[in-house]
Number of protein chains: 2
Amino acid sequence: MKKNEISIPNSEWAIMEFLWEKAPMTVTQIAKAMEEQTGWTKSTTKTLVKRMTAKGLLRVKEGEKAREYYPAIPRSEAVLAETESLLARLYNGSLGLMVNTLVEQKSLSRRELEELRAILDKMERVK
Amino acid sequence: MKKNEISIPNSEWAIMEFLWEKAPMTVTQIAKAMEEQTGWTKSTTKTLVKRMTAKGLLRVKEGEKAREYYPAIPRSEAVLAETESLLARLYNGSLGLMVNTLVEQKSLSRRELEELRAILDKMERVK
DNA sequence: TCGCTAGGGTTACAGGTGTAATCCTATCAT
DNA sequence: ATGATAGGATTACACCTGTAACCCTAGCGA
(Lines give C-alpha, C1' and ligand atoms only; values in the text may rest on other atoms or scores of the structure.)
Protein backbone atom coordinates (compact mmCIF):
# COMPACT_ATOMS: atom_id res chain seq x y z
CA MET A 1 0.00 0.00 0.00
CA LYS A 2 2.66 2.40 1.04
CA LYS A 3 5.28 3.41 -1.47
CA ASN A 4 8.35 1.44 -0.61
CA GLU A 5 7.40 -0.53 2.46
CA ILE A 6 10.30 -2.88 2.48
CA SER A 7 8.55 -5.47 4.59
CA ILE A 8 10.52 -8.68 4.84
CA PRO A 9 8.54 -11.74 5.84
CA ASN A 10 9.79 -14.09 8.50
CA SER A 11 11.37 -16.82 6.49
CA GLU A 12 13.14 -14.30 4.33
CA TRP A 13 14.56 -12.62 7.39
CA ALA A 14 16.41 -15.76 8.23
CA ILE A 15 18.18 -15.64 4.91
CA MET A 16 18.81 -11.95 5.16
CA GLU A 17 20.38 -12.33 8.57
CA PHE A 18 22.61 -15.04 7.27
CA LEU A 19 23.73 -12.97 4.33
CA TRP A 20 24.21 -9.80 6.33
CA GLU A 21 26.56 -11.85 8.40
CA LYS A 22 28.33 -13.97 5.83
CA ALA A 23 28.73 -11.70 2.88
CA PRO A 24 28.34 -13.25 -0.57
CA MET A 25 27.23 -16.84 -0.62
CA THR A 26 25.98 -19.25 -3.22
CA VAL A 27 22.55 -20.80 -3.00
CA THR A 28 24.01 -24.09 -1.98
CA GLN A 29 25.86 -22.49 0.85
CA ILE A 30 22.79 -20.64 1.98
CA ALA A 31 20.75 -23.81 1.68
CA LYS A 32 23.22 -25.69 3.80
CA ALA A 33 23.05 -23.09 6.52
CA MET A 34 19.28 -22.88 6.44
CA GLU A 35 18.98 -26.60 6.55
CA GLU A 36 20.88 -26.75 9.78
CA GLN A 37 19.27 -23.73 11.23
CA THR A 38 15.67 -24.30 10.26
CA GLY A 39 15.39 -27.70 8.66
CA TRP A 40 14.36 -26.39 5.26
CA THR A 41 15.17 -28.48 2.26
CA LYS A 42 17.37 -27.08 -0.47
CA SER A 43 14.30 -26.61 -2.56
CA THR A 44 12.74 -24.31 -0.06
CA THR A 45 15.78 -22.16 0.26
CA LYS A 46 16.17 -21.92 -3.48
CA THR A 47 12.61 -20.82 -3.88
CA LEU A 48 13.03 -18.17 -1.24
CA VAL A 49 16.26 -16.91 -2.71
CA LYS A 50 14.68 -16.61 -6.09
CA ARG A 51 11.72 -14.69 -4.73
CA MET A 52 13.94 -12.40 -2.78
CA THR A 53 16.03 -11.70 -5.81
CA ALA A 54 12.94 -10.93 -7.83
CA LYS A 55 11.71 -8.60 -5.11
CA GLY A 56 15.01 -6.81 -5.08
CA LEU A 57 15.98 -7.94 -1.62
CA LEU A 58 19.05 -9.75 -2.90
CA ARG A 59 21.56 -8.94 -5.56
CA VAL A 60 23.42 -11.45 -7.63
CA LYS A 61 26.88 -11.62 -9.07
CA GLU A 62 27.82 -14.30 -11.53
CA GLY A 63 30.69 -16.21 -10.03
CA GLU A 64 33.06 -18.78 -11.46
CA LYS A 65 31.10 -21.80 -10.44
CA ALA A 66 27.86 -20.34 -9.23
CA ARG A 67 26.03 -17.10 -8.60
CA GLU A 68 26.79 -15.28 -5.46
CA TYR A 69 24.12 -13.53 -3.50
CA TYR A 70 24.29 -10.64 -1.15
CA PRO A 71 21.77 -8.34 0.51
CA ALA A 72 20.56 -5.43 -1.55
CA ILE A 73 19.86 -3.34 1.50
CA PRO A 74 21.86 -2.88 4.67
CA ARG A 75 20.58 -4.43 7.83
CA SER A 76 20.42 -1.08 9.53
CA GLU A 77 17.98 0.16 6.95
CA ALA A 78 15.68 -2.80 7.22
CA VAL A 79 15.77 -2.75 10.97
CA LEU A 80 15.07 0.94 11.14
CA ALA A 81 12.15 0.67 8.78
CA GLU A 82 10.54 -2.13 10.72
CA THR A 83 11.13 -0.41 13.99
CA GLU A 84 9.64 2.86 12.93
CA SER A 85 6.71 1.12 11.41
CA LEU A 86 5.97 -0.63 14.68
CA LEU A 87 6.55 2.48 16.70
CA ALA A 88 4.11 4.34 14.51
CA ARG A 89 1.50 1.65 14.59
CA LEU A 90 1.53 0.83 18.24
CA TYR A 91 2.95 3.82 20.02
CA ASN A 92 1.93 6.72 17.97
CA GLY A 93 5.53 7.07 16.89
CA SER A 94 6.74 7.75 20.38
CA LEU A 95 9.64 5.78 21.73
CA GLY A 96 9.01 7.30 25.11
CA LEU A 97 5.54 5.86 25.12
CA MET A 98 6.96 2.49 24.29
CA VAL A 99 9.50 2.49 27.08
CA ASN A 100 6.84 3.69 29.40
CA THR A 101 4.55 0.89 28.44
CA LEU A 102 7.22 -1.75 28.72
CA VAL A 103 8.14 -0.65 32.18
CA GLU A 104 4.57 -0.52 33.36
CA GLN A 105 4.02 -3.99 32.03
CA LYS A 106 6.90 -5.05 34.24
CA SER A 107 8.48 -6.22 31.11
CA LEU A 108 11.54 -4.12 31.87
CA SER A 109 13.62 -4.81 34.91
CA ARG A 110 15.41 -2.30 37.04
CA ARG A 111 18.65 -3.57 35.62
CA GLU A 112 17.50 -2.86 32.14
CA LEU A 113 16.46 0.59 33.19
CA GLU A 114 19.94 1.29 34.45
CA GLU A 115 21.39 0.02 31.27
CA LEU A 116 19.15 2.27 29.29
CA ARG A 117 20.14 5.23 31.33
CA ALA A 118 23.78 4.46 30.76
CA ILE A 119 23.16 4.39 27.06
CA LEU A 120 21.43 7.74 27.16
CA ASP A 121 24.31 9.21 29.08
CA LYS A 122 26.80 8.04 26.57
CA MET A 123 24.68 9.22 23.70
CA GLU A 124 24.31 12.63 25.07
CA ARG A 125 27.96 13.01 25.67
CA VAL A 126 28.73 12.18 22.12
CA LYS A 127 26.11 14.33 20.48
CA MET B 1 5.41 -21.57 14.44
CA LYS B 2 5.34 -20.31 17.96
CA LYS B 3 2.71 -21.50 20.37
CA ASN B 4 0.20 -18.73 20.72
CA GLU B 5 1.61 -15.96 18.60
CA ILE B 6 -1.35 -13.67 18.66
CA SER B 7 -0.30 -11.87 15.53
CA ILE B 8 -2.92 -9.45 14.30
CA PRO B 9 -2.65 -8.52 10.64
CA ASN B 10 -2.80 -4.93 9.53
CA SER B 11 -6.37 -4.58 8.47
CA GLU B 12 -7.55 -6.27 11.60
CA TRP B 13 -5.58 -3.88 13.73
CA ALA B 14 -7.68 -1.06 12.45
CA ILE B 15 -10.78 -2.73 13.74
CA MET B 16 -9.15 -3.67 17.01
CA GLU B 17 -8.06 -0.11 17.60
CA PHE B 18 -11.53 1.11 16.95
CA LEU B 19 -13.05 -1.38 19.33
CA TRP B 20 -10.47 -0.84 22.04
CA GLU B 21 -11.51 2.75 21.89
CA LYS B 22 -15.24 2.52 21.43
CA ALA B 23 -16.21 -0.43 23.50
CA PRO B 24 -19.04 -2.62 22.19
CA MET B 25 -20.18 -1.81 18.70
CA THR B 26 -22.33 -3.51 16.08
CA VAL B 27 -20.95 -4.51 12.71
CA THR B 28 -22.75 -1.69 11.06
CA GLN B 29 -21.21 0.81 13.39
CA ILE B 30 -17.80 -0.65 12.87
CA ALA B 31 -18.36 -0.66 9.13
CA LYS B 32 -19.34 2.96 9.19
CA ALA B 33 -16.22 3.93 11.02
CA MET B 34 -13.98 1.84 8.80
CA GLU B 35 -15.57 3.24 5.72
CA GLU B 36 -14.65 6.75 6.72
CA GLN B 37 -11.29 5.83 8.01
CA THR B 38 -10.11 3.47 5.32
CA GLY B 39 -12.66 3.44 2.54
CA TRP B 40 -13.62 -0.20 3.01
CA THR B 41 -17.08 -1.23 1.97
CA LYS B 42 -19.43 -2.72 4.52
CA SER B 43 -18.78 -6.08 2.99
CA THR B 44 -15.10 -5.91 3.71
CA THR B 45 -15.60 -4.94 7.30
CA LYS B 46 -18.13 -7.66 7.83
CA THR B 47 -15.77 -10.25 6.44
CA LEU B 48 -13.02 -9.07 8.70
CA VAL B 49 -15.22 -9.03 11.74
CA LYS B 50 -16.33 -12.54 11.07
CA ARG B 51 -12.78 -13.78 10.65
CA MET B 52 -11.68 -12.05 13.77
CA THR B 53 -14.50 -13.57 15.73
CA ALA B 54 -13.63 -17.00 14.42
CA LYS B 55 -10.01 -16.47 15.38
CA GLY B 56 -11.02 -15.45 18.84
CA LEU B 57 -9.91 -11.87 18.49
CA LEU B 58 -13.40 -10.55 19.06
CA ARG B 59 -16.19 -11.60 21.35
CA VAL B 60 -19.85 -11.26 20.63
CA LYS B 61 -22.86 -10.52 22.71
CA GLU B 62 -26.32 -10.85 21.30
CA GLY B 63 -27.96 -7.48 21.58
CA GLU B 64 -31.51 -6.31 21.11
CA LYS B 65 -31.21 -5.37 17.50
CA ALA B 66 -27.86 -6.71 16.57
CA ARG B 67 -24.78 -8.43 17.93
CA GLU B 68 -22.28 -6.36 19.73
CA TYR B 69 -18.60 -6.92 19.34
CA TYR B 70 -15.75 -6.18 21.63
CA PRO B 71 -12.08 -7.11 21.79
CA ALA B 72 -11.26 -10.44 23.33
CA ILE B 73 -7.84 -9.30 24.42
CA PRO B 74 -6.72 -6.03 25.96
CA ARG B 75 -4.72 -3.66 23.85
CA SER B 76 -1.86 -3.74 26.29
CA GLU B 77 -1.47 -7.43 25.77
CA ALA B 78 -1.44 -7.25 22.01
CA VAL B 79 0.92 -4.33 22.00
CA LEU B 80 3.29 -6.00 24.39
CA ALA B 81 3.34 -9.19 22.39
CA GLU B 82 4.11 -7.41 19.15
CA THR B 83 6.71 -5.28 20.75
CA GLU B 84 8.56 -8.11 22.34
CA SER B 85 8.41 -10.09 19.19
CA LEU B 86 10.05 -7.28 17.27
CA LEU B 87 12.57 -6.64 19.98
CA ALA B 88 13.54 -10.28 19.91
CA ARG B 89 13.73 -10.52 16.17
CA LEU B 90 15.64 -7.37 15.45
CA TYR B 91 17.45 -6.43 18.61
CA ASN B 92 18.22 -9.65 20.26
CA GLY B 93 15.62 -8.80 22.84
CA SER B 94 17.48 -5.76 24.03
CA LEU B 95 15.64 -2.47 24.33
CA GLY B 96 18.96 -0.78 24.98
CA LEU B 97 20.23 -1.97 21.66
CA MET B 98 17.17 -0.58 20.01
CA VAL B 99 17.49 2.86 21.53
CA ASN B 100 21.12 2.83 20.68
CA THR B 101 20.41 2.00 17.10
CA LEU B 102 17.72 4.61 16.77
CA VAL B 103 19.96 7.29 18.07
CA GLU B 104 22.82 6.33 15.86
CA GLN B 105 20.55 6.37 12.88
CA LYS B 106 19.77 9.95 13.84
CA SER B 107 16.25 8.82 14.07
CA LEU B 108 16.04 10.14 17.61
CA SER B 109 16.46 13.79 18.30
CA ARG B 110 18.07 15.38 21.30
CA ARG B 111 14.65 16.43 22.43
CA GLU B 112 13.41 12.90 22.39
CA LEU B 113 16.44 11.82 24.31
CA GLU B 114 15.59 14.28 27.05
CA GLU B 115 12.08 13.07 27.09
CA LEU B 116 13.23 9.52 27.45
CA ARG B 117 15.48 10.45 30.29
CA ALA B 118 12.63 12.16 32.04
CA ILE B 119 10.57 9.03 31.72
CA LEU B 120 13.33 6.93 33.17
CA ASP B 121 13.66 9.29 36.09
CA LYS B 122 10.03 9.09 36.86
CA MET B 123 10.00 5.33 36.50
CA GLU B 124 12.84 4.87 38.86
CA ARG B 125 11.32 7.05 41.47
CA VAL B 126 8.16 5.05 41.40
CA LYS B 127 9.71 1.61 41.43
C1' DT C 1 33.09 -44.24 -17.64
C1' DC C 2 29.23 -43.83 -14.45
C1' DG C 3 26.84 -42.17 -10.89
C1' DC C 4 26.39 -38.47 -7.45
C1' DT C 5 25.91 -33.78 -6.61
C1' DA C 6 25.80 -28.84 -7.54
C1' DG C 7 23.64 -25.33 -10.30
C1' DG C 8 19.49 -23.87 -12.21
C1' DG C 9 14.67 -23.82 -13.88
C1' DT C 10 9.62 -24.85 -13.39
C1' DT C 11 5.52 -26.21 -10.97
C1' DA C 12 2.57 -27.04 -6.88
C1' DC C 13 -0.27 -26.27 -3.27
C1' DA C 14 -2.43 -24.92 1.21
C1' DG C 15 -3.31 -21.31 4.42
C1' DG C 16 -3.48 -16.30 5.40
C1' DT C 17 -4.75 -11.56 4.04
C1' DG C 18 -7.00 -7.76 1.50
C1' DT C 19 -11.08 -6.66 -0.60
C1' DA C 20 -15.48 -7.44 -2.23
C1' DA C 21 -20.19 -8.89 -4.36
C1' DT C 22 -24.62 -11.34 -3.80
C1' DC C 23 -28.57 -12.77 -1.61
C1' DC C 24 -32.16 -13.13 1.82
C1' DT C 25 -35.06 -11.42 5.60
C1' DA C 26 -36.84 -8.26 8.85
C1' DT C 27 -37.88 -3.63 9.75
C1' DC C 28 -38.36 1.44 9.72
C1' DA C 29 -39.93 5.39 7.76
C1' DT C 30 -42.88 7.73 4.40
C1' DA D 1 -47.76 -0.76 1.49
C1' DT D 2 -43.26 -0.17 -0.24
C1' DG D 3 -38.93 0.75 -0.86
C1' DA D 4 -34.61 1.76 1.53
C1' DT D 5 -31.64 -0.21 5.14
C1' DA D 6 -29.73 -3.09 8.63
C1' DG D 7 -28.50 -7.68 10.05
C1' DG D 8 -26.51 -11.73 8.62
C1' DA D 9 -24.82 -15.71 5.71
C1' DT D 10 -22.32 -17.44 1.77
C1' DT D 11 -18.99 -17.18 -1.98
C1' DA D 12 -15.12 -15.20 -4.66
C1' DC D 13 -10.70 -14.22 -5.91
C1' DA D 14 -5.95 -12.58 -6.25
C1' DC D 15 -1.64 -12.08 -4.03
C1' DC D 16 1.63 -13.37 -0.44
C1' DT D 17 4.00 -16.83 2.42
C1' DG D 18 5.73 -21.26 3.82
C1' DT D 19 7.25 -25.45 2.03
C1' DA D 20 8.45 -28.47 -1.31
C1' DA D 21 8.96 -31.82 -5.42
C1' DC D 22 10.59 -32.69 -10.09
C1' DC D 23 13.55 -32.20 -14.01
C1' DC D 24 17.68 -31.34 -16.70
C1' DT D 25 22.75 -30.62 -17.42
C1' DA D 26 27.58 -30.39 -16.44
C1' DG D 27 31.37 -31.69 -13.81
C1' DC D 28 33.93 -34.39 -10.21
C1' DG D 29 35.54 -38.32 -8.05
C1' DA D 30 36.01 -43.48 -7.82
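So you know, we letter chains A, B, ... as the sequences are listed, proteins then strands, and number each from 1.
Rounded to an integer number of Å, the gap from CD of B:Glu64 to P of C:dA26 is 17 Å. Going from atom CG of B:Leu48 over to atom P of C:dA21 covers 14 Å, rounded to whole Å. Rounded to whole angstrom, the span from the NZ atom of A:Lys46 across to the P atom of D:dC22 amounts to 13 Å.
In terms of phosphate contacts, B:Lys50 brings no side-chain nitrogen or oxygen within less than 4.0 Å of OP1 or OP2 of C:dT17. The phosphate of C:dA6 has OP1 or OP2 within less than 4.0 Å of a side-chain N or O from A:Lys32. Contact annotation: B:Lys65 side-chain N/O to C:dC28 OP1/OP2 distance is under 4.0 Å.
Salt-bridge formation is detected for the pair B:Lys55/B:Glu12: a Lys NZ or Arg NE/NH1/NH2 atom is positioned less than 4.0 Å from an Asp or Glu carboxylate oxygen. At a threshold of 4.0 Å, the pair A:Arg75-A:Glu17 counts as salt-bridged, since one of the basic side-chain nitrogens sits closer than that to a carboxylate oxygen.
Looking at heavy-atom distances under 4.0 Å, B:Thr44 makes contact with a base.
Between the side chain of B:Arg51 and the base of C:dT19, at least one donor-acceptor pair of N or O atoms lies under 3.5 Å. Contact of A:Ser43 with D:dA21 (side chain to base): a donor-acceptor pair of N or O atoms is detected under 3.5 Å.
Nucleotides of DNA chain C nearest to B:Pro9 and A:Arg67 differ in position, and the one nearer the 5' end is that of A:Arg67.
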